[in-house]
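Everything on this sheet refers to the single structure shown next.
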Protein chains: 2
Amino acid sequence: MISFEHFIPNDQSPIYQQIILYIKQGIAAGQIRDGDEMPSRRVLSALLGVNPNTVQKSYKLLEEEHLIASTPGAKSCVTVDDAKKAAIRADLLGTHVKAVVQAMQQMGATKEEAISILETLWEENL
Amino acid sequence: MISFEHFIPNDQSPIYQQIILYIKQGIAAGQIRDGDEMPSRRVLSALLGVNPNTVQKSYKLLEEEHLIASTPGAKSCVTVDDAKKAAIRADLLGTHVKAVVQAMQQMGATKEEAISILETLWEENL
DNA sequence: CGAACTGTATCACTGGTATAATACAGTTAA
DNA sequence: TTAACTGTATTATACCAGTGATACAGTTCG
């Protein structure tokens, strides 16, 4: 059973997207593996204190990306292989960093300054 | 007069927030300076192809942050000093990079990997 | 079997975003 | 002066994302 104990919700983005991101990051980190059981919609919604439909939306989108498989009546399971894992990792890293790079370049930061800030914040968050 | 020729709208975030971000990034980069004239609400709305009320919302919020000053009948002007500029720069850089650092750490990336990706994407976007 | 779970679907409500159409008052410049 | 601009305010409308509440059908297991 996948744990959500490290899930920290924020109100900057929709909850259903945060759930998706949490799963993807778990897969990319190797903490979530193929065959792992997802919590049921109702259980997770109670755990996070949100509506079951919100969780359902996350699961539906994850299923459309073929990252989980659901059969009516049974629990949903994660379905990933090394290729999917690598793709997710590249996607998450790419999109995140690319947005930051564009923002920093537009405000006139140098590459050295960017690396310096990254290193500083990296240590702080450990 | 502040130019919006490099403004590239996207549908990921509200337009009024994109306008605010564009101004802030311009200030942080030093391209937009104290006393610079903002385009009128009507002119900018026509330029961007959006409703005047959307632009008005941006300007109102910028004024609440004391980044522009408006007097009825006259054009709105940018009101910044070195302290405000530094604060904006730190805020934009901090929030952006912090989000990336958290995401990358959660998916098990190393600091060296993060720097490597940053350098690669930095060159690509030049 | 039957109770308790599971996934799934449908409807309604809310808030934020964007648009639209005006209206009014102050400033600017020909 | 006066016409054309400026900022500001109001009201109404439409749309969509997010959430809430409920119902139904299939699976699991004591």
Side-chain angles (χ1 to χ4, degrees), chain A residues 1-4 7-24 32 34-80, chain B residues 1-4 7-24 32 34-80:
Chain A
M1 178 71 71
I2 295 174
S3 162
F4 272 76
F7 182 83
I8 302 162
N10 68 298
D11 48 352
Q12 316 304 322
S13 63
I15 298 176
Y16 79 96
Q17 285 186 8
Q18 294 180 47
I19 295 174
I20 294 175
L21 184 61
Y22 183 81
I23 297 297
K24 286 188 177 180
I32 296 178
D34 186 75
D36 283 358
E37 277 189 354
M38 299 284 290
S40 85
R41 276 81 163 161
R42 289 171 179 83
V43 166
L44 183 55
S45 69
L47 192 66
L48 302 182
V50 300
N51 193 278
N53 290 338
T54 303
V55 178
Q56 162 65 6
K57 189 168 190 174
S58 311
Y59 282 29
K60 182 168 189 162
L61 291 172
L62 282 171
E63 193 169 7
E64 288 176 0
E65 292 194 62
H66 302 98
L67 296 179
I68 69 174
S70 305
T71 45
K75 287 218 182 72
S76 298
C77 286
V78 175
T79 57
V80 290
Chain B
M1 176 69 71
I2 295 173
S3 161
F4 273 75
F7 182 83
I8 302 162
N10 67 298
D11 49 351
Q12 316 304 321
S13 64
I15 298 175
Y16 80 95
Q17 284 187 9
Q18 294 180 48
I19 295 174
I20 294 175
L21 183 62
Y22 183 82
I23 297 298
K24 286 188 177 180
I32 296 178
D34 185 75
D36 282 359
E37 276 188 354
M38 299 283 290
S40 85
R41 276 80 163 161
R42 291 171 178 83
V43 166
L44 184 55
S45 69
L47 191 65
L48 302 182
V50 301
N51 193 276
N53 292 337
T54 302
V55 177
Q56 162 65 4
K57 188 169 189 174
S58 309
Y59 282 30
K60 182 168 188 161
L61 290 171
L62 283 171
E63 193 169 8
E64 288 177 0
E65 290 194 62
H66 303 98
L67 297 179
I68 69 173
S70 305
T71 44
K75 288 216 182 72
S76 297
C77 287
V78 175
T79 58
V80 291

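Below, chain A is the first sequence line, B the second, and so on; all start at residue 1. Below, each value reflects all heavy atoms present in this structure, side chains not excepted, and no hydrogens, waters or symmetry copies.
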B:I68 has an atom CD1; how far is it from atom P of D:dT6, in whole Å? 14 Å
Out of C:dT27, D:dG7, C:dT19, which nucleotide sits closest to the side chain of B:R41? D:dG7
Would you say B:R42 places a side-chain N or O within less than 4.0 Å of OP1 or OP2 belonging to D:dC5? no
Mind calculating the distance between CG (A:D11) and P (C:dG16) to the nearest angstrom? 12 Å
Looking only at side-chain N and O atoms, does A:S76 come under 4.0 Å of OP1 or OP2 in C:dG7? yes
Distance below 4.0 Å between B:Y16 side-chain N/O and C:dA18 OP1 or OP2: no
Just the rounded figure in Å: distance from P of C:dT19 to CG of B:L48. 10 Å
Taking atom P of C:dT10 as reference, at what distance in whole Å does atom NZ of A:K57 sit? 15 Å
For B:Q56 and D:dA9, what is the distance between atoms CD and C1' respectively, to the nearest whole Å? 9 Å
Shortest non-hydrogen contact from B:Y59 to B:P39? OH-O, 2.8 Å
Of all the nucleotides listed (C:dT6, C:dA20, D:dG7), which has the minimum atom distance to the side chain of B:N51? C:dA20
Would you name the heavy atoms of B:E63 and B:S70 that are closest together and state the gap between them? OE2-N, 3.4 Å
Please determine, for the side chain of B:N53, which listed nucleotide (C:dT6, C:dA20, D:dT19) has the closest atom? C:dA20
Give B:V43 one of three labels, base, sugar-phosphate or nothing, depending on what nucleic acid heavy atoms sit under 4.0 Å from its own. sugar-phosphate
Just how far, in rounded Å, is C1' of D:dT28 from CD of A:E37? 12 Å
Rounded distance in Å - CG (A:L44) to P (C:dG7): 10 Å
Has A:Q56 got a side-chain atom pairing as donor or acceptor with A:R41's backbone, closer than 3.5 angstrom? no
Quick one: is D:dG7 close enough that its OP1 or OP2 comes under 4.0 Å of any side-chain N or O from B:S70? no
Output for pair (B:M1 CE, B:S40 OG), nearest 0.5 Å, gives 7.5 Å
Under 4.0 Å between a side-chain N or O of B:T71 and OP1 or OP2 of C:dT27? no
Among C:dC24, C:dA9, C:dT6, which nucleotide sits nearest the side chain of A:K60? C:dA9
Could you say whether A:G73 or B:A74 is positioned toward the 5' end of DNA chain D, judged by the nucleotide with the nearest heavy atom to each? B:A74
B:K75 has an atom NZ; how far is it from atom P of D:dC5, in whole Å? 11 Å
OP1 or OP2 of C:dA18 sitting under 4.0 Å from any side-chain N/O of B:T54? no
Tell me which one of B:V43, B:V55, B:I23, B:I32 satisfies side chain to side chain contact (heavy atoms under 4.5 Å, CB included) with B:M38. B:I23
Return the nearest nucleotide to the side chain of A:S40; candidates are D:dG20, C:dT19, C:dT6. C:dT6
Is a side-chain donor or acceptor of A:S45 paired with a backbone partner of A:N53 at a separation under 3.5 angstrom? no
